[in-house]
Amino acid sequence: MDAVGIVTADLAASLTFYRRLGLDIPAGAESAPHVEVTLPGGQRLLWDTEEVIRSFDPGWTAPAGGDRLALAFLCDSPAEVDAVYEDLTGAGYRGHLKPWDAVWGQRYATVLDPDGCAVSLFAANG
C-alpha cells in the first residue's frame, strides 16, 4: 500500500487537526485542493476536498453512519495518550472514547477529526 486518502469538507480544519497530532504538513497547504505528506516509513497521507472528488465522480456523496477506515497514532506512553486526548478535546475537537486501559494491553482513546473520522491514540500499557 502506498497511500491513505482523506476526503474533507474543510481542508484547513482537517490540516490543523493533523498538524496538532504532529504531522509535518507544509505551511500554505490549505490553499490547495489536494495535499499529500510522506510519513515516516514512506507511505503517504492524502487530503482531497469534497469538490475535488465530485469533479471526477459527480455522484459521490459523503458517507453516513459508522467509519470504514480509521487512523491510529502511536504515543510514547499511556500518559501521552491522556495528554494528546486532553489537548485535542481542550482545543474543541470531539472526543469519542475517553482514554482507558484496554484488555489487549494498551492505553487507548479515540477523537474525531473535523469530518467526524475516528482517530485512535494508543500506547503500550505498563
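- For Ser55 (side chain) and Val52 (main-chain N/O), a donor-acceptor pair under 3.5 Å exists by modelled atom type.
- Thr16 contributes a side-chain N or O that, together with a main-chain N or O of Ala12, makes up a donor-acceptor pair within less than 3.5 Å.
- In this structure, Thr8 OG1 and Trp47 CH2 are separated by 10.0 Å, a value rounded to the nearest 0.5 Å.
- Using a 4.5 Å heavy-atom cutoff, the side chains of Ile6 and Leu45 are in contact.
- In this structure, the separation between OH on Tyr85 and CD on Glu80 is 16.0 Å, given to the nearest 0.5 Å.
- Taking the side chain as every heavy atom from C-beta outward, Asn125 and Pro78 approach each other to under 4.5 Å.
- By the 4.5 Å heavy-atom criterion applied to side chains, Leu121 and Thr110 are not counted as neighbours.
- The main-chain N or O of Leu39 is never found under 3.5 Å from a side-chain atom of Gln43 such that the two would form a donor-acceptor pair.
- Under the 4.0 Å criterion applied to side-chain N and carboxylate O atoms, Glu30 and Arg19 are assigned as salt-bridge partners.
- Side-chain contact between Leu46 and Val4: absent, with no pair of heavy atoms (C-beta onward) separated by less than 4.5 Å.
- Between Leu21 and Leu88 there is a side-chain heavy-atom pair separated by less than 4.5 Å.
- Residues Asp87 and Arg20 meet the side-chain proximity criterion, which asks for heavy atoms closer than 4.5 Å.
- Counting only distance, with no hydrogens or angles, the side chain of Asp115 and the backbone of Cys117 share no donor-acceptor pair below 3.5 Å.
- Shown here is Asp24, whose CG atom has no more than 12 heavy atoms of other residues, nucleotides or ligands within 6.0 Å.
- A 4.5 Å side-chain heavy-atom check between Tyr18 and Val37 finds every atom pair outside the cut-off.
- Taking CG of Asp48 as the start and CZ of Arg54 as the end, the distance is 12.5 Å to the nearest 0.5 Å.
- The stretch residues 33-42 participates, sequence neighbours left out, in these salt bridge (Lys or Arg N to Asp or Glu O under 4.0 Å) pairs: Glu36-Arg44.
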Quiz prompt | Trace of the side-chain hydrogen bond (donor to acceptor under 3.5 Å, both in side chains) decision for Asp113 with Tyr93 | solution = CA-CA 7 Å; Asp113 79 1; Tyr93 298 105; over 6 Å; no
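- The other members of the hydrophobic cluster of Trp100, by chain and number, are Leu74, Leu97, Val103, Trp104, Tyr108, Phe122 (side-chain heavy atoms under 4.5 Å, ILVMFWY only).
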